[in-house]
Amino acid sequence: METGIQLAAGGHADTHNYCHWHKGPSGSARLVSAVERQSGPPVPLYACAPCREQHRLPTRLEARA
């Protein structure tokens with residue numbers, strides 16, 4: 001299923017299993033933010049449960065196609 005979200009250069013193929021805060025694998029990563037770019041779609045950022053709690057990051061709803 002195509003979601004319309006594309007990764008930036010050097011991004012990870014399956015960001016749902018990657019935490020951008022501790023920069024490592026995660027089984028609990030959820031969408032928390034997106035970085036806007038001048039060209040192209042926003043880059044989604046994911047955080048695992050411990051990082052979301054430590055940094056007080058609210059989860060966001062993902063756009064579904």
Side-chain angles (χ1 to χ4, degrees):
M1 172 174 31
E2 178 64 38
T3 61
I5 296 175
Q6 297 178 5
L7 299 175
H12 298 271
D14 188 359
T15 57
H16 289 89
N17 295 324
Y18 183 82
C19 174
H20 290 92
W21 267 254
H22 76 259
K23 297 184 179 9
S26 168
S28 63
R30 298 289 180 266
L31 181 66
V32 294
S33 186
V35 176
E36 296 291 330
R37 301 185 295 173
Q38 287 189 355
S39 176
V43 177
L45 298 177
Y46 293 85
C48 65
C51 287
R52 289 194 313 268
E53 184 176 335
Q54 180 181 3
H55 299 287
R56 298 181 180 152
L57 300 168
T59 58
R60 311 269 185 216
L61 293 177
E62 292 188 55
R64 300 280 181 195

Inset, instruction - Determine yes or no for a side-chain-to-main-chain donor-acceptor pair under 3.5 angstrom, with His20 supplying the side chain and Leu45 the backbone. - result: no
Inset, instruction - List the atom of Tyr18, the atom of Tyr46, and the distance in Å for their closest heavy-atom pair. - result: O-CB, 3.5 Å
Inset, instruction - Would you name the heavy atoms of Ser33 and Arg60 that are closest together and state the gap between them? - result: N-CG, 4.1 Å
Inset, instruction - Find the distance between CD (Gln54) and NE2 (His22) and round it off to the nearest 0.5 Å. - result: 11.0 Å
Legend entry - Where Pro44 and Leu31 come nearest, the two heavy atoms and their spacing: CB-CD1, 3.6 Å
Inset, instruction - Of all the heavy-atom pairs spanning Thr59 and Val32, show the shortest one and how long it is. - result: CA-CG1, 4.3 Å
Legend entry - Residues which pass side-chain contact (heavy atoms from CB on, under 4.5 Å) with Ala49, listed by chain and number, not counting sequence neighbours: Ser28, Arg52
Legend entry - Interatomic distance, Trp21 atom CH2 to Ser26 atom OG [nearest 0.5 angstrom]: 12.0 Å
Inset, instruction - Go through the structure and list residues passing side-chain contact (heavy atoms from CB on, under 4.5 Å) with Pro25, not counting sequence neighbours. - result: none
Legend entry - Gap between atom CG of Asn17 and atom SG of Cys19 - 0.5 Å precision: 11.5 Å
